[in-house]
Amino acid sequence: MDFPGGKAMDAVFYDSQRQGRFSFYMTSGGEEATAVGTAAALQPEDVIFSQYREHGVLLHRGFTLQEFAHQCFGNKHEPGKGRQMPIHYGSKALNFHTVSAPLATQLPHAVGAAYALKLQGVKACTAAYFGEGAASEGDFHAAANFASTLGAPVLFICRNNGYAISTPATEQYKGDGIAGRGASYGMASTRVDGGDARAVYAATAEARQIAVAGGCPVLIEAMSYRSGHHSTSDDSSRYRTADEMRRWRARDPVERMQKWMTHQGWWDEEQEKELRQSSRKQVVEALQIAQKEDKPPLSCMFTDVYADLPWHLKEQQAEVADFVRRHPEMLPAGMPNDL
Ligand SMILES: Cc1ncc(C[n+]2csc(CCOP(=O)(O)OP(=O)(O)O)c2C)c(N)n1
Ligand SMILES: [Mg+2]
């Protein structure tokens, strides 16, 4: 897959997954301006609930390439201790709730957290990211109604990238997209060009001001295009034309930003070349380091859920211990057996 705009992280992580170095990856190509533009307009005390395609938000908050790489390899440095699939990032330090695979579950959570901030008198909001596909879930509607009736300061940030895996937006809804749904729940709503980082920033800054000052939700629908496959388990050439992809790739958000900065005289080709090379080197190094690290010990499968292990898990733990004693070759490479 080619990556317009020279996105080092997505390009190298994607290729590494295809080489079989880790199990799964999702790219954010075509939607970088939505992630970075919104993140730039938020404050560190604002709490993020993301879907899974918002790497730019984490990068903007200071999540390191090494942290991304550790998580994708599920090694011992990953806070989830390897119990989640790759791309399920989270960071307590950065006020970023861990990605949850079932679609839209983050939306009612974000509303509850926003209401809690309001009750505590904290002048901050939550930001709930979701795809237009996730907006078909009941959780979206429950969250929108709770947010507007309770007056919860939450920003609903919809990335409308045209597809829910292989289902085009034209087959997902018959109304005029997602922004209109916000209005029908009685909340301020806007639609923005999700490929224009400056427009996204301006819309988010205003939305945040409305939400925090007014104690109410705001919905932003950022229109963009998922320029990559849905995930490393998908082949989008099966359901969309090369011509459609070419047309959108010509409007790549990173290239648009590069052109604008160059036009302003703030950026040139030489700086661009250097940045691409050094970014790529940093990403490759982070992956090499993460791949060499040990996995969390086997016992982690059974910890951190119950204070006291219930009988049925004790039984399963004994079964696993017995199994790896009889079949040590089945223990994943680099995973200490502490059972
Ligand atoms: C409740 C639930 N149903 C189905 C899925 C499978 N699934 C994963 S991603 C996805 C498409 C989501 O599309 P969208 O919200 O538009 O996000 P995008 O992938 O386009 O960023 C589906 C159906 C899931 N993870 N959870
Ligand atoms: Mg989508």
Side-chain angles (χ1 to χ4, degrees), residues 28 30-51 53-54 56-61 94-97 106-107 110-118 120-132 134-135 140 143-161 175-225 251 253-254 256-257 260-261 264:
S28 63
E31 300 177 65
E32 295 91 341
T34 301
V36 177
T38 51
L42 297 172
Q43 297 300 319
E45 59 272 25
D46 297 338
V47 186
I48 311 286
F49 293 79
S50 84
Q51 185 153 310
R53 216 183 283 289
E54 295 90 1
V57 177
L58 272 169
L59 280 168
H60 191 276
R61 290 211 151 198
L94 299 176
N95 260 342
F96 190 104
H97 278 251
Q106 75 276 21
L107 304 180
V111 176
Y115 189 51
L117 289 173
K118 183 175 169 175
Q120 288 161 3
V122 180
K123 285 283 164 210
C125 64
T126 64
Y129 291 85
F130 58 105
E132 87 296 335
F140 165 78
N145 199 45
F146 266 112
S148 76
T149 50
L150 290 172
V154 49
L155 304 186
F156 289 106
I157 302 173
C158 177
R159 299 178 288 97
N160 191 335
N161 62 9
D176 180 27
I178 312 302
R181 294 188 201 170
S184 74
Y185 280 105
M187 70 177 93
S189 305
T190 188
R191 178 176 278 160
V192 64
D193 176 353
D196 180 343
R198 292 184 307 139
V200 172
Y201 175 84
T204 312
E206 191 171 342
R208 185 186 186 277
Q209 158 72 17
I210 294 170
V212 175
C216 61
V218 180
L219 187 147
I220 299 170
E221 182 181 20
M223 308 305 289
S224 64
Y225 187 73
R251 304 182 55 192
V254 178
R256 281 170 75 179
M257 178 56 90
W260 177 70
M261 286 175 64
Q264 298 294 319

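These values consider heavy atoms only, across backbone and side chains, with no hydrogens, waters or symmetry-generated copies.
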Which atom of [X] lies closest to which atom of [Y], heavy atoms considered:
{"X": "V154", "Y": "A147", "result": "CG1-CB, 3.7 Å"}
{"X": "Q51", "Y": "A134", "result": "OE1-CB, 3.4 Å"}
{"X": "V200", "Y": "D193", "result": "CG2-O, 3.5 Å"}
{"X": "P153", "Y": "Y115", "result": "CD-N, 4.4 Å"}
{"X": "L219", "Y": "G182", "result": "CD1-CA, 4.0 Å"}
{"X": "I220", "Y": "A207", "result": "CD1-CB, 3.8 Å"}

Do the side chain of [X] and the main chain of [Y] share a donor and acceptor less than 3.5 angstrom apart?
{"X": "E32", "Y": "G30", "answer": "yes"}
{"X": "R53", "Y": "S28", "answer": "no"}
{"X": "T126", "Y": "A110", "answer": "yes"}
{"X": "N95", "Y": "P44", "answer": "yes"}
{"X": "E221", "Y": "I178", "answer": "yes"}
{"X": "E132", "Y": "N161", "answer": "yes"}

> Tell me the salt bridge (charged side-chain N to carboxylate O under 4.0 Å, His left out) pairs involving residues 150-159, sequence neighbours left out?
Replying inline: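 As it turns out, the salt bridge (charged side-chain N to carboxylate O under 4.0 Å, His left out) pairs with a partner in residues 150-159, which skip direct neighbours, are E31-R159, E54-R159.
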>> Measuring from atom CG of L42 to atom CG of L155, what distance do you get when rounded to the nearest 0.5 angstrom?
In response: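 Taking CG in L42 and CG in L155, the distance rounds to 6.5 Å.
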>> Nearest 0.5 angstrom please: C125 SG to L117 CG, how far?
In response: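 It comes to 8.0 Å.
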>> Working note: F156 + V218, criterion side-chain contact (heavy atoms from CB on, under 4.5 Å); need CA distance, chi angles, decisive distance, verdict.
In response: CA-CA 6 Å; F156 289 106; V218 180; over 6 Å; no
Pair listing, side chain to side chain donor-acceptor pair (under 3.5 Å) test, anchored in [range], at least two apart:
{"range": "residues 148-157", "answer": "none"}
{"range": "residues 39-49", "answer": "D46-R208"}
{"range": "residues 177-189", "answer": "H141-Y185"}

>> Checking F130 now: which residues fulfil ring pair (Phe, Tyr, Trp, His ring centres under 6.0 Å) with it, not counting sequence neighbours?
In response: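 For F130 the ring pair (Phe, Tyr, Trp, His ring centres under 6.0 Å) partners, ignoring immediate neighbours, are F140.
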>> Could you work out, with ring pair (Phe, Tyr, Trp, His ring centres under 6.0 Å) as the rule, every residue matching H97, not counting sequence neighbours?
In response: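 Partners of H97 under the ring pair (Phe, Tyr, Trp, His ring centres under 6.0 Å) test: F49.
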>> Between R251 and D196 (salt bridge meaning N to carboxylate O under 4.0 Å), is one present in this structure?
In response: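 Between D196 and R251 there is no salt bridge, as every charged N stays at least 4.0 Å from the carboxylate O atoms.
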> Passes salt bridge (charged side-chain N to carboxylate O under 4.0 Å, His left out), D176 versus R191? Steps please.
Replying inline: CA-CA 11 Å; D176 180 27; R191 178 176 278 160; 3.3 Å; yes
>> Any non-hydrogen side-chain atom of F96 less than 4.5 Å from a side-chain atom of V47?
In response: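 They are not in contact (no side-chain heavy atoms under 4.5 Å apart), so the answer is no.
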> How far apart are the C-alpha atoms of R61 and I48, what are their side-chain angles, what is the distance that settles it, and do they pass the side-chain contact (heavy atoms from CB on, under 4.5 Å) test?
Replying inline: CA-CA 10 Å; R61 290 211 151 198; I48 311 286; 3.6 Å; yes
